[in-house]
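Working notes for the structure below.
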Amino acid sequence: MAGIARKEIDSMIAAIDDYIARTLAERAGFPILKECCLENGWDCDALQRIARAHAPLACAVRRLNANKEVRLERLAATGVIDKSMATLSLKQLGWRDKADPAADLNMGEVAHELDQHLRQRIASENRGLRA
């Protein structure tokens, strides 16, 4: 994997970017990594392994998935595609439709620390104004 030529990586990135542009040009199109791989004759798992070793290629894969995510949200919000199908595709990208209790607890701690910090800063500024 590490022996792949920079020229080949650049060619793969160009093919991914071309695929993204073509799918976004379609009224209800959105990019799908496996479809991009199929069109280019790539093994999707191999592409992802190569991307882990080559940051520019990994960035292109993330760009494809980010475009997919944004497009799915817009198409579902405007009723162009079925919301349940958009939800399924978004879940494949890691979205969850249930809150993560651990994350909620962590956010509560962060909010509490921020609140304490702001109170201390306001008190400090008030002391400075009185002097």
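For reference, positions follow the sequence shown, starting with 1. Side-chain atoms are counted along with the backbone in the values below, which use heavy atoms only and exclude waters and symmetry mates.
Side-chain contact check for Leu57 versus Arg52: every heavy-atom pair is 4.5 Å or farther apart. The side-chain heavy atoms of Thr78 and Arg74, taken from C-beta on, include no pair separated by under 4.5 Å. Annotation: side chain of Arg71 is not in contact with side chain of Lys68 (no heavy-atom distance under 4.5 Å).
Ion pairing between a basic and an acidic side chain is recognised when a charged N comes within 4.0 Å of a carboxylate O; Asp18 and Arg22 show such pairing.
Between the CG atom of Asn67 and the CZ atom of Arg62 there is a distance of 13.0 Å, given to the nearest 0.5 Å. Atom CD1 of Ile13 sits about 12.5 Å away from atom CG of Leu64, to the nearest 0.5 Å. If you take CD1 on Ile50 and CG on Asp43, they are separated by 8.5 Å, rounding to the nearest 0.5 Å.
Between the side chain of Ser11 and the backbone N or O of Lys7, no donor-acceptor pair lies under 3.5 Å. With hydrogens and angles disregarded, no donor-acceptor distance shorter than 3.5 Å links the side chain of Asn40 to the backbone of Trp42.
Taking both residues in full, the closest heavy atoms of Ser89 and Leu72 are given as CB-CD1, 3.4 Å, listed atom of the first, atom of the second, then distance.
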Please list, one pair per line, the donor and acceptor atoms closer than 3.5 Å that link side chains of residues 23-38 to other protein atoms, with sequence neighbours excluded.
| residue | atom | partner | partner atom | Å |
| --- | --- | --- | --- | --- |
| Thr23 | OG1 | Tyr19 | O | 3.2 |
| Thr23 | OG1 | Ile20 | O | 3.0 |
| Glu35 | OE1 | Tyr19 | OH | 2.3 |

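Val70 and Val80 end up in different hydrophobic clusters when Ile, Leu, Val, Met, Phe, Trp and Tyr side chains are linked at under 4.5 Å.
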Take Asp10 and Arg6 through the salt bridge (charged side-chain N to carboxylate O under 4.0 Å, His left out) test and state the conclusion after the steps.
-> CA-CA 6 Å; Asp10 290 344; Arg6 175 65 192 193; 3.0 Å; yes
